[in-house]
Amino acid sequence: MDQYVQDLRTRKLSPHTEKAYRSDLLEVLTLIAAPLDCAPAEVVVSSLTREAVRSGFARFALTRSAASVARAWSTWNGWFAFLLLHNVVEGNPMQAIRRPKGSAKRPKPLRGEDSPERLLATVAAPIVGARTGWPCRDLAAVALLLCTGVRSSELLALTVSDIAGRPGGHRIGVRGKGGTFRTIPLDDSLHTLLADYLADRRERFGPTRPGDALFVDTRGEPLRRGGLQYLIGRALRAAGVHDQVPAGAAVHALRHTFATRLAEDGATAADIAALLGHASLTTSQAYIDASGREQRRAVLGQRTTRIVRTLVDVHD
């Protein structure tokens, strides 16, 4: 299994994707090992019969969604293809195990016409009773998610040097899935929020270096996934829009909100794919199909960016 994951690194997997591969392999293997009365590391390849693998997947599927089972099926199918290529096994038992039918993925933006604006307006002010809040950092993070559509993993991977450009041409460099890189334009107002946050950060923790993480926690350490999720969850509750978040979306709902508003404002599938880092135009087209409104122009001129501009004016 380790050799398989190492072989996959030629595809420039992100750390999150590699972790998902390892998790899928190990979790199913653990369930296969249980009836054999041995530890996962003690399972030999010859014991991975069609019946054993099918039984392991059956138990794995009991507590997982269809999407999770389908992902694990693909991981194991790829691993057995790797074993076949190296003449370790004579056949692929995954072909005898049914793969869950994938349902069309639908965008999960924040529900409610003014939910993004309410969220930003709330984050712009200190949250009463919050012990770990940092208003200017929280506003910069939420605004960046809403106005660029970056994934949570992409936001956490940003460094100080990823922000570049001059007034009217500010941009941010994003490292996406599979090691891909894309550039997203920043509205001047959004750039101002980021600059204000960095200035406040320097007052708290001293000078920053180009390679430092862009977002840090209240101790000056790089912000982690759990910290970002807590930040967004707290902000959603404070804004009273937590019930407008589709199930299972949370942070990702902000990305979907950005893409949906792009579609509503007339962006093409190619525009959306370029800005969000989609590998397939089909994914981008889903936002256009789901918008159901008359198409209008605008990429940076979307409504969420305009509310950010208003907040900057208020601060000034």
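In this chain, residues are counted from 1 in sequence order. Note that this is a predicted model, so its numbers are computed, not measured.
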Partner set under side-chain contact (heavy atoms from CB on, under 4.5 Å) for [X], not counting sequence neighbours:
{"X": "A239", "answer": "L119, T122, V241"}
{"X": "R22", "answer": "D2, V5, R9, E18"}
{"X": "T183", "answer": "R171, F181"}
{"X": "A39", "answer": "E42"}

Could you pull out the closest heavy-atom pair between [X] and [Y], with the gap in Å?
{"X": "N77", "Y": "Q95", "answer": "OD1-NE2, 2.8 Å"}
{"X": "L146", "Y": "P116", "answer": "CD1-O, 4.1 Å"}
{"X": "L84", "Y": "V89", "answer": "CD2-O, 3.4 Å"}

**Under the salt bridge (Lys or Arg N to Asp or Glu O under 4.0 Å) test, residues paired with D200 that sit two or more places apart** =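 For D200, the residues satisfying salt bridge (Lys or Arg N to Asp or Glu O under 4.0 Å) (neighbours in sequence not counted) are R204.
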Partners meeting side-chain hydrogen bond (donor to acceptor under 3.5 Å, both in side chains) with [X] (sequence neighbours left out):
{"X": "R64", "value": "E27"}
{"X": "S161", "value": "T159"}
{"X": "R225", "value": "none"}
{"X": "T268", "value": "D271"}

**Message:** Under the salt bridge (charged side-chain N to carboxylate O under 4.0 Å, His left out) definition, can you give me all pairs with a residue in residues 73-99, not counting sequence neighbours?
**Reply:**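 Applying salt bridge (charged side-chain N to carboxylate O under 4.0 Å, His left out) to every pair that reaches into residues 73-99, excluding sequence neighbours, yields nothing.
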**Request:** Could you list the residues that satisfy ring-ring contact (aromatic ring centres under 6.0 Å, His included) with Y197, not counting sequence neighbours?
**Result:** W134, F215
**Message:** I'd like to check the ring-ring contact (aromatic ring centres under 6.0 Å, His included) partners of F60; sequence neighbours left out, ordered by chain and number.
**Reply:**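 So F60 forms no ring-ring contact (aromatic ring centres under 6.0 Å, His included) with any residue.
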**Asked** Taking atom types as modelled and ignoring hydrogens, do the side chains of S65 and S68 form a donor-acceptor contact shorter than 3.5 angstrom?
**Response**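 There is such a pair between these side chains.
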**Prompt:** Is the W76 ring parallel, tilted or perpendicular to the F80 ring (thresholds 30°, 60°)?
**Reply:** tilted
